[in-house]
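Computed from heavy atoms alone, side chains included, the values below leave out hydrogens, waters and symmetry copies. So that the names make sense, note that chain A is the first sequence line, chain B the second, and so on, each numbered from 1.
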There are 2 protein chains.
Amino acid sequence: MPADDKQKRATIHDVAKAAGVSAATVSKVLRGVKTVREDNAERVRAAVSALDYRMDPIASGLRGEQRRIIGAVVPDLESAFFGRLVTGLERAAEAAGYHMIVATSRESEAREADLIQGMNDWRVAGCVLVPVRSERGLGARTLRDLDMQAVLVDRVSADDAFDTVSADNHTASAAVADFLVRLGHRHVLLHGATQISKAIRTRLEGFRERALALDPGMRIDELLSDAPLEDQRPAIRDYFAANQGTDRPAAVFSLSQQSTLLVLSEIRRMGLDVPEDIALVGFDDADWMQTTWPSITAVAQPVTAIAERALGTLLARVEGESTGFPVQYLEPCTMLVRQSAGQTEKAPPRRSRNGGQ
Amino acid sequence: MPADDKQKRATIHDVAKAAGVSAATVSKVLRGVKTVREDNAERVRAAVSALDYRMDPIASGLRGEQRRIIGAVVPDLESAFFGRLVTGLERAAEAAGYHMIVATSRESEAREADLIQGMNDWRVAGCVLVPVRSERGLGARTLRDLDMQAVLVDRVSADDAFDTVSADNHTASAAVADFLVRLGHRHVLLHGATQISKAIRTRLEGFRERALALDPGMRIDELLSDAPLEDQRPAIRDYFAANQGTDRPAAVFSLSQQSTLLVLSEIRRMGLDVPEDIALVGFDDADWMQTTWPSITAVAQPVTAIAERALGTLLARVEGESTGFPVQYLEPCTMLVRQSAGQTEKAPPRRSRNGGQ
DNA sequence: CTTGCAGGATAAACCGATTTATCGTGAGAT
DNA sequence: ATCTCACGATAAATCGGTTTATCCTGCAAG
């Protein structure tokens with residue numbers, strides 16, 4: 001077959017010529033501006049499909065101010081939580097007629113700031129940021145400096161420049177404290193094996209406050225580290241070696257999914273039984289947790305709700321419907337009671353209160 | 001503080017003026033063209049940093065032909081496999097000085113084609129596609145029609161238009177057959193619970209061929225479905241209800257990660273013990289599989305190798321270093337022998353052969 | 001002394017859309 | 001019959017870089 005490859009794609013002028021109107025008119029039809037006579041509009045539409053015309057978003061973006069693109073920056077895409085979050089964001093964005101571009105900061109604040117600069121260069125309408133550490137990090141500062149529209153998600157508390165959305169870590173962790181205390185546990189290990197972010201701190205405090213309120217004599221140990229996962233096993237072993245017999249904690253509350261897996265693995269290796277020897281509750285549910293034996297009691301985060309809320313508030317700002325001062329949204333978590341914590345009294349699955357303000 | 005907000009960002013002309021040269025010269029310096037006198041180049045660089053100048057990628061892209069952007073389209077981001085794949089791609093792209101934009105087809109071929117059209121509109125230099133079904137799907141056809149540079153990944157076999165990269169599903173599945181047959185199992189259930197893609201079919205055939213070659217009397221049942229996960233439980237129960245006693249398979253080979261989880265869960269629910277009552281081997285390893293009890297024997301995919309290979313071959317095409325006909329790359333998998341299949345003889349972890357051509 | 005040529009710099013055209021300023025037309029008002 | 005005004009349509013300016021065609025300068029060759 002002969003090469004008719006190199007026919008370059010039709011421009012708006014080609015369409016204009018074919019329809020017998022000016023380029024400006026075509027542009028109006030394409031963008032749905034109403035001041036065009038219907039017969040002209042019809043001829044334009046015919047020409048568009050006859051020529052297979054597609055608007056060039058780059059040329060379009062050069063002059064036009066507002067782009068219909070939302071940027072998202074997340075710490076990584078290897079954990080199911082962010083994967084689902086991004087999926088939810090993308091779905092919501094699309095439903096509102098926006099495109100999404102995603103990038104990962106790989107837990108680096110410098111990269112985070114770079115990516116945001118890049119998104120600003122591409123003139124995104126707004127940006128969803130899951131900060132590496134907190135709302136006071138480099139990424140958030142860059143957003144502010146660049147005067148961008150944004151919403152901060154997950155590893156955040158209230159902020160004075162941007163809306164924030166996260167799981168209600170504090171309330172959910174308090175519910176875990178309720179649960180463990182009611183089961184009679186008076187010595188708990190709090191274990192955090194990931195980036196010590198705002199979310200992790202909030203979970204920690206939520207638990208600690210409630211537990212101490214219920215029983216001031218409660219013993220709460222902490223084992224926190226953001227070292228690479230495999231390097232953390234020795235620390236766990238050391239801890240248990242140093243706390244044997246009556247000093248061994250009655251329960252572990254692991255503050256992240258990776259943390260849960262790590263602790264479970266080490267508990268197994270020590271030959272302890274869950275929940276007979278030690279109870280385990282994890283923050284952040286995973287699909288394997290209901291299948292493993294024993295199944296793991298965990299706090300499930302409302303990922304979809306977070307995604308929808310985040311995109312909703314962002315778009316409200318972008319489209320100018322919302323102009324008030326920043327709001328912090330706390331989406332309620334669900335605690336899935338399974339086997340790993342035992343159960344002396346039949347506690348119904350608890351829902352944490354909805355947050356607000 | 002007074003509002004000095006609205007000072008718009010510096011353009012290349014501002015830099016030119018500040019440096020006392022023309023815009024064309026600035027452009028050359030920025031792109032590293034050599035035909036600029038060093039003292040001029042130096043003044044330009046000084047002006048750039050003095051004015052905080054950043055090149056506008058949109059304006060730049062309008063005239064310039066080649067963009068330094070790679071697009072990636074994956075079926076979803078909720079499974080760890082694609083998450084890690086994307087991370088690997090992004091890292092490799094960045095190392096080569098490219099940016100990446102990711103989008104998810106959500107297992108829809110129509111969406112897949114749309115996304116590719118969109119990436120073409122944005123003039124990406126090349127595209128990494130993990131097709132929803134196979135290299136003959138709508139996405140691949142669109143790539144061909146648009147005459148784009150691309151590499152097809154994961155759910156593919158050889159193609160006559162694009163390089164393809166995937167795990168060596170066939171060889172790895174044959175190794176699983178070796179393994180199960182050597183353990184004495186003569187009745188195996190093959191279970192596939194996800195989109196029945198090319199990869200799943202290849203795994204199935206790889207197993208079947210080797211197993212029948214080793215023992216022509218082997219009984220191999222299949223349970224395949226791409227229905228929503230939770231709707232598939234009844235089918236599993238029905239199967240086991242219809243195949244009890246001596247008809248019960250001695251082993252299950254689950255062809256995807258979700259499949260493994262689903263089967264394990266149902267086996268548990270039936271009160272069967274793994275591996276005493278039934279052996280289980282899964283394709284695609286997950287981090288929880290080494291921690292659960294029993295730990296799961298699984299085939300680990302070389303995600304990083306796949307990502308690097310994919311981006312490497314794509315860039316070779318994009319940069320014109322490679323122009324030969326398409327190559328199929330098969331990256332070797334690793335079989336992680338754990339508890340779920342039992343072990344009468346001590347089989348060392350097997351490595352499948354490297355594929356090629 | 002003239003011509004040729006290479007190295008560097010630049011003004012102007014260009015990319016493909018959007019936006020602005022202008023213009024023609026016909027209906028309604030005076 | 002003349003003047004407005006609203007409505008559509010359009011030519012031209014614009015966005016911010018890249019590319020092209022041209023120009024200048026100085027030096028070597030004829």
Side-chain angles (χ1 to χ4, degrees), chain A residues 6-45 47-48 51-69 99 117-118 120-125, chain B residues 6-45 47-48 51-69 99 117-118 120-125:
Chain A
K6 269 312 166 202
Q7 52 183 358
K8 37 188 50 165
R9 51 192 285 169
T11 74
I12 201 173
H13 292 98
D14 299 329
V15 175
K17 195 174 306 176
V21 296
S22 75
T25 302
V26 176
S27 177
K28 283 179 182 167
V29 174
L30 261 36
R31 278 171 306 127
V33 178
K34 305 296 299 173
T35 64
V36 178
R37 234 173 32 223
E38 182 52 34
D39 61 326
N40 276 337
E42 196 46 59
R43 296 222 306 291
V44 167
R45 281 190 284 269
V48 164
L51 297 178
D52 264 347
Y53 171 75
R54 309 197 93 222
M55 192 191 71
D56 183 333
I58 296 185
S60 163
L62 183 52
R63 188 62 147 82
E65 186 59 20
Q66 196 68 296
R67 304 240 62 343
R68 305 225 88 194
I69 296 181
H99 284 262
Q117 281 271 6
N120 187 241
D121 289 343
W122 285 97
R123 315 213 194 128
V124 297
Chain B
K6 269 313 166 203
Q7 54 183 356
K8 37 187 52 167
R9 53 193 284 169
T11 74
I12 201 174
H13 293 98
D14 300 329
V15 175
K17 196 174 305 175
V21 295
S22 75
T25 302
V26 177
S27 177
K28 283 179 183 167
V29 174
L30 261 37
R31 279 171 306 128
V33 178
K34 303 297 299 175
T35 63
V36 177
R37 235 172 31 221
E38 183 51 34
D39 60 328
N40 276 337
E42 196 45 60
R43 296 221 308 289
V44 167
R45 281 190 283 270
V48 164
L51 296 179
D52 264 348
Y53 171 75
R54 308 197 94 222
M55 192 191 70
D56 183 333
I58 295 185
S60 162
L62 184 52
R63 188 64 145 79
E65 187 60 20
Q66 196 68 299
R67 300 242 51 19
R68 306 225 89 194
I69 296 181
H99 284 262
Q117 281 271 6
N120 187 241
D121 290 342
W122 285 97
R123 315 211 194 131
V124 297

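Only B:Tyr53, B:Met55, B:Asp56, B:Ala59, B:Ser60, listed by number, bring a heavy atom of residues 51-60 of chain B to less than 4.0 angstrom from any atom of DNA chain D. Applying a 4.0 Å cut-off to non-hydrogen atoms, the residues of residues 16-27 of chain B that approach DNA chain D are B:Ala24, B:Ser27, listed by residue number.
Rounded to a whole Å, the CD atom of A:Glu38 is 16 Å from the C1' atom of D:dA9. At whole-Å resolution of the value, CZ in B:Arg31 and C1' in D:dG16 are 13 Å apart. Atom-to-atom, CD1 of A:Ile12 to P of D:dA9 comes out at 14 Å; the value is rounded to the nearest Å.
The span of DNA chain C lying next to chain B, judged by atoms under 4.0 Å from heavy atoms, is bounded 5' to 3' by C:dG8 to C:dG16.
Positionally, the nearest nucleotide of DNA chain C for B:Asp39 lies more toward the 5' end than for the other of B:Arg63 and B:Asp39.
Interatomic distance, CG of A:Leu51 versus OG1 of A:Thr11, reported as 9.5 Å (0.5 Å rounding). Rounding to the nearest 0.5 Å places OH of B:Tyr53 at 9.5 Å from NE2 of B:His13.
Each end of the helix from C:dC1-D:dG30 to C:dT30-D:dA1 yields a helix axis from five base pairs, and these two axes differ in direction by 60° (to the nearest 10 degrees).
By the salt bridge (Lys or Arg N to Asp or Glu O under 4.0 Å) test, B:Asp121 is found to be paired with A:Arg9, A:Arg54, residues two or more places apart in sequence or in another chain being considered. Residues satisfying the side chain to side chain contact (heavy atoms under 4.5 Å, CB included) criterion with A:Ala24, sequence neighbours excluded, are A:Ser22. For A:Arg43, the side chain to side chain donor-acceptor pair (under 3.5 Å) partners two or more places apart in sequence, or in a different chain, are A:Asn40.
Listed by first then second residue, pairs satisfying salt bridge (charged side-chain N to carboxylate O under 4.0 Å, His left out) with a partner in residues 12-37 of chain A read A:Arg37-A:Asp39, not counting sequence neighbours.
Across all their heavy atoms, B:Ala16 and B:Val26 have their closest contact at CA-CG2, 3.6 Å. Taking every heavy atom of both residues into account, A:Arg67 and A:Trp122 meet most closely at CD-O, 3.9 Å.
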Let me check something: any side-chain donor-acceptor pairs from residues 55-64 of chain B under 3.5 Å, sequence neighbours excluded? List them with distances.
from: B:Asp56; atom 1: OD1; to: B:Ile58; atom 2: N; distance (Å): 2.8
from: B:Asp56; atom 1: OD1; to: B:Ala59; atom 2: N; distance (Å): 3.3
from: B:Asp56; atom 1: OD2; to: A:Arg123; atom 2: NH2; distance (Å): 2.1

Pairwise N/O distances under 3.5 Å, protein to nucleotides 6-8 of chain D:
none

